[in-house]
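Each remark here refers to the structure printed beneath this line.
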Amino acid sequence: MYYILVIDGKAHESIPGYDSGFPGVPIESRYSQDILNKCVQSETAVQSGWLYDAASGTCSAPPEPEPVTEPEPEAEAEPTAQEDIYSMMVDHEYRLTLMELGVTEGV
C-alpha cells in the first residue's frame, strides 16, 4: 500500500505504507495528519508529477508536450534609399581617411 501526496491535482510523492527504516512504526506515527489528509491510497507507487484524477481515483502520466515549431525567420528588409546614402557616405569617408594616411593597398 502506498500513500500518494497529491497537491493541485499532481502527485508529489509516493510514501510506502511500510518503511524498513522504521519497522513496526505505522505511517500515522511517521507523518502528521495534515500530510496524510493530502494523500490518497494506491496499490502501486507513482512517479512525481503524474496527474491525479479524483473522479476515478487513479494517477496517470502527464501527456507528452506538443512539439515546438520554430517560427519562420523574417526576410531581411531591403535597405531604404536613405540607408544606402549613409552607407556610401561612410564608405567614402573610410576610403578618404585611408588615402590621407597613405594606405592605398587593397582600397
Side-chain angles (χ1 to χ4, degrees):
M1 176 67 60
Y2 288 89
Y3 292 82
I4 311 301
L5 178 60
V6 177
I7 300 173
D8 295 330
K10 286 187 179 179
H12 285 266
E13 185 177 358
S14 291
I15 304 168
Y18 173 80
D19 189 347
S20 61
F22 300 97
V25 179
I27 192 165
E28 292 82 8
S29 298
R30 292 183 285 145
Y31 291 90
S32 71
Q33 194 60 44
D34 291 338
I35 296 292
L36 293 176
N37 288 341
K38 295 176 185 173
C39 292
V40 294
Q41 293 184 6
S42 173
E43 293 297 320
T44 59
V46 299
Q47 293 181 7
S48 180
W50 279 24
L51 304 176
Y52 175 69
D53 181 13
S56 67
T58 60
C59 289
S60 60
E64 291 293 321
E66 294 285 326
V68 178
T69 57
E70 294 293 324
E72 291 291 324
E74 293 183 21
E76 193 171 311
E78 291 290 321
T80 62
Q82 191 72 32
E83 291 170 334
D84 271 345
I85 291 171
Y86 290 150
S87 177
M88 286 189 291
M89 288 172 58
V90 168
D91 184 58
H92 175 74
E93 286 296 319
Y94 173 72
R95 290 173 184 266
L96 185 60
T97 302
L98 289 178
M99 286 176 59
E100 288 172 352
L101 293 172
V103 179
T104 57
E105 225 175 274
V107 177

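Source: prediction; values computed, not measured. Basis for what follows: all heavy atoms, side chains included, without hydrogens, waters or symmetry-related copies.
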With a 4.5 Å cut-off on side-chain heavy-atom distances among I, L, V, M, F, W and Y, is there a chain of contacts connecting [X] to [Y]?
{"X": "Tyr52", "Y": "Trp50", "result": "yes"}
{"X": "Val25", "Y": "Tyr31", "result": "no"}
{"X": "Val6", "Y": "Tyr2", "result": "yes"}

Is it the case that more than 12 heavy atoms not belonging to Tyr94 sit under 6.0 Å from its OH atom? no
To the nearest 0.5 Å, tell me how far [X] [atom1] sits from [Y] [atom2].
{"X": "Glu78", "Y": "Asp84", "atom1": "CD", "atom2": "CG", "value": "9.0 Å"}
{"X": "Lys38", "Y": "Glu13", "atom1": "NZ", "atom2": "CD", "value": "12.5 Å"}
{"X": "Thr44", "Y": "Met1", "atom1": "OG1", "atom2": "CE", "value": "10.5 Å"}
{"X": "Ile7", "Y": "His12", "atom1": "CD1", "atom2": "NE2", "value": "4.5 Å"}

Check against side-chain contact (heavy atoms from CB on, under 4.5 Å), Tyr3 and Ile27: CA-CA 9 Å; Tyr3 292 82; Ile27 192 165; 3.2 Å; yes
Report yes if some heavy atom in the side chain of [X] is under 4.5 Å from a heavy atom in the side chain of [Y]; otherwise report no.
{"X": "Leu51", "Y": "Lys10", "result": "yes"}
{"X": "Cys39", "Y": "Ile4", "result": "no"}
{"X": "Asp53", "Y": "Cys59", "result": "no"}

Keeping [X] on the side-chain end and [Y] on the backbone end, is there a donor-acceptor pair under 3.5 Å?
{"X": "Ser42", "Y": "Ala45", "answer": "no"}
{"X": "Ser14", "Y": "Val46", "answer": "yes"}
{"X": "Glu93", "Y": "Val90", "answer": "no"}

If every non-hydrogen atom of Pro26 is compared with every non-hydrogen atom of Gly24, which pair is closest and at what distance?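 Smallest interatomic distance, heavy atoms only, reads CD-O, 3.5 Å.
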Residue pair Arg30 / Pro16: nearest heavy atoms and the distance that separates them: NH2-O, 3.2 Å
Asp91 and side-chain contact (heavy atoms from CB on, under 4.5 Å): which partner among Met88, Arg95, Met89?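 Only one option passes, and that is Arg95.
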